[in-house]
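Contents: one structure, followed by commentary.
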Amino acid sequence: MADFENIVILTGAGLSAESGLGTFRGKDGLWTNYDLNEVATPEGFARNPKKVHDFYNLRRKGVKHAQANAAHNALAKLERDYLGRILVVTQNIDALHQKAGSKNLRHMHGELLKALCQKCDNRVEWVTDLSTSSQCPSCGEKGCLRPDVVWFGEMPYHMEEIVTALENCDLFISIGTSGTVYPAAGFVEQARQNGAHAVELNLEPSDGTSSFNEHFHGPATEIVPKYVERLLISV
């Protein structure tokens, strides 16, 4: 029998950094080079949709060709081989968890390789550039597609399911997150209130590091595979 029966894993930009995808905060983070109010809010999109599309088109090109790293692969292996239930909740909008083989996965901030139609509310796979003249494959309307990502001021996806999982998990693992963005920054407290053991795997201590029972700091490609092997040995 596994030591833990229900594991919730939260992943952030630090997990994908070693795959060549930039983080948002910290030195040289995306938000040090862009005004988030212009490219990551509904209001910014309404004011200048072309500017927002240009920003995400550039990121989509990088995401499309990025490859999963050893940390993504280790989490997929954990899901395959561990006897308990594994749920990965990612703040990342890339597709690297899927490329590694993770199945029980929830993208709380959406997915860059999808588009959302503001007319019919359907989501479609989208790997090419989006523009104000792009046509929705579902309803046929032009100019109504936006990146299927959660912007500031919008509600993250799957929150009801995530909260239920946090209430029932006995191990919570946070990987590659800054611990500054809510509601994800509060997940550790929600899990611990219900008796879960909490572990931080991060390049350096996060803002909420004191809330965790254990801490392992270093590059994700080193510390995540090691911790996964530790869990699998207990099976």
Side-chain angles (χ1 to χ4, degrees), residues 2-18 21-27 29-32 36 71-72 74-75 78-79 82 84-94 97 102 104-110 150 152-234:
D3 285 351
F4 300 101
E5 296 183 12
N6 290 288
I7 302 175
V8 173
I9 303 170
L10 173 69
T11 67
L15 186 74
S16 298
E18 291 173 83
L21 301 182
T23 58
F24 290 87
R25 287 167 175 76
K27 185 180 178 182
L30 279 172
W31 298 142
T32 64
L36 63 89
H72 297 100
L75 294 179
L78 182 67
E79 184 181 326
Y82 196 73
R85 184 177 185 274
I86 309 291
L87 173 66
V88 176
V89 177
T90 187
Q91 300 174 86
N92 298 338
I93 58 176
D94 60 55
H97 279 298
S102 290
N104 199 21
L105 172 69
R106 301 295 180 269
H107 279 270
M108 64 180 292
H109 290 163
V150 176
F152 290 93
E154 297 181 325
M155 179 64 70
Y157 299 157
H158 312 295
M159 282 305 299
E160 186 174 341
E161 181 183 359
I162 292 169
V163 169
T164 299
L166 291 169
E167 290 174 347
N168 291 286
C169 75
D170 47 9
L171 175 61
F172 174 75
I173 308 171
S174 176
I175 305 174
T177 68
S178 64
T180 59
V181 180
Y182 284 84
F187 287 176
V188 60
E189 295 294 351
Q190 290 177 267
R192 290 200 63 187
Q193 284 173 7
N194 293 283
H197 184 75
V199 178
E200 176 177 78
L201 306 178
N202 211 25
L203 182 61
E204 55 192 22
S206 70
D207 283 4
T209 193
S210 61
S211 297
F212 292 86
N213 302 104
E214 290 186 281
H215 321 79
F216 300 91
H217 299 130
T221 54
E222 295 178 13
I223 61 174
V224 175
K226 287 180 181 178
Y227 192 77
V228 165
E229 286 304 316
R230 173 178 162 182
L231 288 173
L232 290 175
I233 288 172
S234 70

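Residue numbers run from 1 in the order of the sequence given. Bear in mind that the values here come from a model prediction, so they are computed numbers and not experimental data.
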ask   = Do side-chain atoms of Glu189 reach the backbone of Ser211 as a donor and acceptor pair under 3.5 angstrom?
value = no
note = Across all chains, not counting sequence neighbours, the side-chain contact (heavy atoms from CB on, under 4.5 Å) partners of Pro156 are Met108, His109, Met159, Pro183
message = Within this structure, what is the CD1-CD distance for the pair Ile7 and Glu79, rounded to the nearest 0.5 Å?
response = 11.0 Å
Would you tabulate the side-chain donor-acceptor contacts of residues 163-174 under 3.5 Å, counting partners in other chains and residues two or more places apart, or write 'none'?
from   : atom 1 : to     : atom 2 : distance (Å)
Thr164 : OG1    : Glu160 : O      : 3.1
Asn168 : ND2    : Thr164 : O      : 2.7
Asp170 : OD1    : Glu5   : N      : 3.3
Asp170 : OD1    : Asn6   : N      : 3.0
Asp170 : OD2    : Glu5   : N      : 2.9
Ser174 : OG     : Thr177 : OG1    : 3.0

inquiry  = Is any side-chain heavy atom of Asn213 closer than 4.5 Å to one of Arg192?
reply    = yes
Close side-chain approach of Leu75 and Ile175, heavy atoms under 4.5 Å = yes
remark   = ring pair (Phe, Tyr, Trp, His ring centres under 6.0 Å) pairs touching residues 188-221, sequence neighbours excluded, are Phe216-Tyr227
key: Option among Ile86, Val228, Leu105, Leu15 that satisfies the side chain to side chain contact (heavy atoms under 4.5 Å, CB included) test with Ile9   = Ile86
query = For Phe152 and Leu36, which heavy atoms make the closest approach, and how far apart are they?
reply = CD1-CD1, 3.9 Å
query = What distance do Ile223 atom CD1 and Asn202 atom CG have between them, rounded to the nearest 0.5 Å?
reply = 7.0 Å
ask   = Can you tell me if Tyr157 uses its side chain to pair, donor with acceptor, with the backbone of Val150 under 3.5 Å?
value = no
Minimal non-hydrogen separation, Ala220 against Pro225, with atom names = O-CD, 3.4 Å
ask   = For Gln91 and Gly12, which heavy atoms make the closest approach, and how far apart are they?
value = NE2-CA, 4.0 Å
message = Between Val88 and Asn104, is the side-chain contact (heavy atoms from CB on, under 4.5 Å) condition met? List the steps.
response = CA-CA 6 Å; Val88 176; Asn104 199 21; over 6 Å; no
inquiry  = Nearest 0.5 angstrom please: Leu201 CG to Thr11 OG1, how far?
reply    = 11.5 Å
message = Within this structure, what is the OG1-CD distance for the pair Thr209 and Glu214, rounded to the nearest 0.5 Å?
response = 11.5 Å
